[in-house]
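Scroll down for the structure; my scribbles are underneath it.
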Amino acid sequence: MKLKFVFISVLTIQLCSCSLSGEKKITGDEIYSQSFIKEKMLEVFRWQIGHPVDLNAEQEQWARSVFYSGIMYAYQTTSDPVYLEQTKKWADGWDWKRGRRFRHADDLACGQAYLDVYKVESDPKMLWGIQQAVDSLIADPKPGRVDWWWCDALYMEPPVLARLADITGDTKYYEYLQDMYWDSTDFLYSKEDSLFFRDKRYFNALTANGQKVFWGRGNAWVIGGLAQLLSLVPKNNPIYKDYQELYIQMMTKIASVQQPDGLWRASLLDPDEVPVKETSSSTFFTFAMIWGINNGLLPQDTYLPKVRRAWIALLDCIDENGKLGYVQAIGASPENVKASDNQEYGSGAFLMAASEMYKFAEREK
């Protein structure tokens, strides 16, 4: 029996008493409908396209790449050609090639969107640049803890490798993924806490309140990447179960530190360190959680109420024009954030979360 939408009364009353669009009031039921979700996705997409972050055009290409990963996720979910055409326009500007740092995982993140477009159009130029870049790394491998020394890398490059394995059928991409991923994980993952340190600087770091430092967005990168890997790696592949186990461990912990307002804080175990909601982590946590429900990895009765609280709270962080706020700036540790703070990767993660909400709504029809 499907669990129908049951609303938390206080949150529903609050939501219905104000207007997210600035024009009309909505009811609780509407925010879970496919029509509402689709329109909200377009609003966020259009606002962000109209307000690009200049720094991301060259210096921080990865930040825009994450946005386009979300755009292609939206295309795959809704089939709206506006997403596909915008991605092609952006990728053409890079000649379908990686960013400029040869060994840096961030500068391969663009391959997620490139290869998703290739799956649609099969134009060799959409594949060749990324495939050659990855092949050059495989030919001169370094340990995972050397090339992927920070946990963000586990979002940036692994889903590209899984896409290449899927497209080409060449198992060398899975072999490289396995070697790199689990060496990096052995280095950065705290089994005791079921969370990742951002990098080695935080192994012994404590907050002012004496808690371990586990950065919200750093762990959001990891769990967002895991959800992608589990979508791409066939379930009958022997490597699948290890990623599933890590996903379950992390999600159990992440769910337990969700805050009463439905979102997460920049410092996961010490919400008082930066006591303000943060959306670049919360969008990815919401995406990964509803993805787990949609794919049967998480029990719906336990996790759906948490997803709903997060969804309501995320909508409250989007202004009447479609701008997603409370996004922590580019960084490497928990930092303060304001309602006006926006970054492209936050909007990309929102499109992924909204896409999974859209799929859930389809299932519930």
Side-chain angles (χ1 to χ4, degrees), residues 20-24 26 29-53 56 63-94 96 109-123 125-127 159 163 166-167 224 227-228 231-232 279 283-284 286-288 290-291 293-295 307 311 314-315 317-324 327 342-365:
L20 291 174
S21 67
E23 295 177 359
K24 74 167 191 172
I26 60 174
D29 287 336
E30 286 181 296
I31 69 167
Y32 298 108
S33 70
Q34 285 187 301
S35 59
F36 176 88
I37 295 167
K38 187 175 183 180
E39 183 57 35
K40 189 57 61 176
M41 291 165 69
L42 282 168
E43 287 177 13
V44 171
F45 163 76
R46 288 167 177 156
W47 186 91
Q48 197 69 73
I49 290 295
H51 299 81
V53 179
N56 298 345
R64 188 162 293 171
S65 296
V66 175
F67 178 39
Y68 278 89
S69 297
I71 290 172
M72 281 306 297
Y73 213 98
Y75 171 73
Q76 293 166 338
T77 301
T78 68
S79 300
D80 190 331
V82 68
Y83 296 120
L84 179 63
E85 293 308 312
Q86 179 61 41
T87 304
K88 289 164 60 178
K89 179 180 177 181
W90 167 72
D92 279 336
W94 280 91
W96 300 86
C110 55
Q112 296 180 28
Y114 294 176
L115 297 177
D116 284 347
V117 178
Y118 174 80
K119 288 274 286 188
V120 178
E121 304 211 340
S122 301
D123 186 335
K125 72 179 181 182
M126 301 169 179
L127 168 65
R163 283 170 169 83
D166 174 59
I167 289 169
Q228 286 203 60
S231 296
L232 293 160
T279 58
T283 45
F284 271 122
T286 305
F287 157 66
I290 184 62
W291 177 89
I293 294 171
N294 285 340
N295 288 276
V307 168
W311 180 242
L314 285 174
L315 293 178
C317 295
I318 301 171
D319 74 12
E320 65 275 10
N321 299 309
K323 176 184 177 180
L324 174 67
V327 181
N342 166 266
Q343 246 292 353
E344 290 172 88
Y345 44 76
S347 296
F350 175 81
L351 292 175
M352 296 173 76
S355 293
E356 289 297 326
M357 295 296 294
Y358 186 94
K359 293 173 187 176
F360 185 85
E362 176 66 27
R363 287 200 309 133
E364 290 295 288
K365 282 184 176 178

If you take all heavy atoms of [X] and [Y], which pair is closest and at what distance?
X	Y	answer
I37	Y358	CD1-N, 3.8 Å
S65	A109	CB-C, 3.9 Å
L324	L314	CD1-O, 4.4 Å
A349	T283	CB-OG1, 3.2 Å
C317	T279	SG-CG2, 3.7 Å
Q228	P159	OE1-CB, 3.7 Å

So, do [X] and [Y] sit near enough that their side-chain heavy atoms are less than 4.5 Å apart?
X	Y	result
D116	V120	no
E364	Y32	no
E121	M126	yes
R363	F360	yes
V82	L42	yes
H51	N342	no
M72	V117	yes
Q76	Y83	no

Review point. Taking N321 for the side chain and K323 for the main chain, is one N or O donor matched with an acceptor at less than 3.5 Å?
Key: no

Check your understanding: Is there a donor-acceptor pair under 3.5 Å between the side chain of R64 and the backbone N or O of V53?
Key -> yes

All salt bridge (charged side-chain N to carboxylate O under 4.0 Å, His left out) counterparts of [X], not counting sequence neighbours:
X	result
D92	K125
K359	E356
D166	K119

Review point. Between Y68 and Q86, does any side-chain donor sit less than 3.5 Å from a side-chain acceptor?
Key: yes

With sequence neighbours excluded, residues passing ring pair (Phe, Tyr, Trp, His ring centres under 6.0 Å) with [X]:
X	result
F67	none
F287	Y73
Y114	W90, W96

Atom [atom1] of [X] and atom [atom2] of [Y]: how far apart are they, to the nearest 0.5 Å?
X	Y	atom1	atom2	value
L115	I167	CG	CD1	4.5 Å
M352	T77	CE	OG1	9.5 Å
T87	L84	OG1	CG	6.5 Å
I318	S347	CD1	OG	8.0 Å

Review point. With respect to F350, which candidate in W47, W311, F45 satisfies the ring-ring contact (aromatic ring centres under 6.0 Å, His included) definition?
Key: W311

Practice item. Let me see the working for R163 and L232 under side chain to side chain contact (heavy atoms under 4.5 Å, CB included), right down to the final yes or no. Key: CA-CA 7 Å; R163 283 170 169 83; L232 293 160; 3.7 Å; yes

Exercise for review: Might you work through the side chain to side chain contact (heavy atoms under 4.5 Å, CB included) test for Y345 and N56, ending with a clear yes or no?
Suggested key: CA-CA 10 Å; Y345 44 76; N56 298 345; 5.7 Å; no

**Study point:** Residues S231, W291; criterion side chain to side chain contact (heavy atoms under 4.5 Å, CB included); working and verdict
**Key:** CA-CA 9 Å; S231 296; W291 177 89; 2.8 Å; yes

